[in-house]
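Because only heavy atoms are used, hydrogens play no part in the values below, and waters and symmetry mates are left out as well, while side chains stay in. Per chain, numbering begins at 1; letters A, B, ... match sequence-line order.
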Amino acid sequence: MGPATKKTSTPESKANLILAAVRQIPRGKVSSYGQIAAVAGLPRCARLVGTVLRTHPNTRGLPWHRVINSSGRISFPLGSDAYARQRKLLEREGVDFIGQRINMKRFSWPPGNDLDEHLWFMP
DNA sequence: ACAATGACGCCTC
DNA sequence: AGAGGCGCCATTG
C-alpha cells in the first residue's frame, strides 16, 4: 500500500457492504433499500443501495429482486420490463402481491420482533 | 468543480 | 390514501 492509501471507506467498500447485505435476504423474503443500508451499517444511504444495484455490472447470482421500497412496492415504473421481471422473480419464490403491493408484515426481512408476522392468517 | 439525476424515505398536507 | 417537498449520498454529464 502506498502513502496515498489512507482512505478507509471507499465507494467500492461501501458497495461491497451493500452487496453482502443483499445476499443475506432469504429466499421468499424481501427487504427495503433503507433496511439493506442499515444492515450494511450505512444508515441514511437508501439511495446508495439503489445506485449500487443500478450501476453494478455483475448482478448475476445476486438476489437484487428481493429489494423493494419502503412502501412495499417495486421501484420500477409499472408496466416496464424491469417491473415485470422483478415481479416474476418474486412471485416465483412465493412472495404474494396485493395489487402492486407486498405485505411487509409477512415478507419483510429482517423480521421485526412483532408478533404480527405469526398471525397473518388471511388478509 | 458544479449541476443534474436516481432501483430512496420521511414528513406534511 | 395519495401527492408534493425536502434531505440524503454516490454517480454522471
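- Taking atom CZ on Arg66(A) and atom C1' on dA7(B), their separation rounds to 17 Å, with Å as the unit.
- Residue Ile98(A) contributes atom CD1, which lies 14 Å from atom P of dA1(C) at whole-angstrom precision.
- Using modelled atom types, one side-chain atom of Ser13(A) and one backbone atom of Thr10(A) make a donor-acceptor pair closer than 3.5 Å.
- Looking at heavy-atom distances under 4.0 Å, Ser71(A) makes no contact with the nucleic acid at all.
- Computed from coordinates, the Asn69(A) CG to dA7(B) C1' distance equals 9 Å when rounded to whole Å.
- Arg101(A) comes within 4.0 angstrom of sugar-phosphate atoms only, judged by non-hydrogen atoms across all strands, and of no base.
- Of the candidates dA7(B), dG7(C), dG9(B), dG9(B) carries the atom nearest the Ala46(A) side chain, counting heavy atoms from C-beta on.
- The residue Leu48(A) sits close only to the backbone: its heavy atoms come under 4.0 Å of sugar-phosphate atoms, none of a base.
- To the nearest angstrom, P of dA1(C) lies 15 Å from CD of Gln100(A).
- Put simply, CE on Met104(A) is 13 Å from C1' on dC8(B), counting in whole angstrom units.
- Residues Leu53(A) and Thr59(A) come closest through the heavy atom pair O-CG2, 4.1 Å.
- Listed pair Arg47(A) / dC9(C) fails the phosphate criterion, with no side-chain N or O lying under 4.0 Å from OP1 or OP2.
- Distance CG (Leu19(A)) to P (dA10(C)): 15 Å, rounded to an integer number of Å.
- With distances taken from any side-chain atom of Thr51(A) to the nucleotides dA7(B), dT11(C), dG9(B), the minimum falls on dT11(C).
- Backbone-only engagement by Arg44(A) is indicated by non-hydrogen atom pairs under 4.0 Å involving sugar-phosphate atoms exclusively.
- Rounded to whole Å, atom P of dC10(B) lies 9 Å from atom CD of Gln35(A).
- In this structure, the side chain of Arg66(A) engages the main chain of Ile25(A) through a donor-acceptor pair within 3.5 Å.
- Ranking dG9(B), dC8(B), dA7(B) by closeness to the Ser70(A) side chain, first place goes to dG9(B).
- The environment of Asn58(A) atom CG is dense: over 12 non-hydrogen atoms of other residues, nucleotides or ligands sit within 6.0 angstrom.
- With DNA chain C read from its 5' end, the first of the two nearest nucleotides for Arg73(A) and Arg54(A) is the one closest to Arg73(A).
- Distance His56(A) NE2 to dT11(C) C1': 14 Å, rounded to the nearest Å.
- With dT11(C), dG9(B), dG2(C) as the candidates, the nucleotide lying closest to the side chain of Thr55(A) is dT11(C).
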(request) Step by step, work out the side chain to side chain contact (heavy atoms under 4.5 Å, CB included) result for Asp81(A) and Phe76(A). (result) CA-CA 9 Å; Asp81(A) 287 5; Phe76(A) 288 113; over 6 Å; no
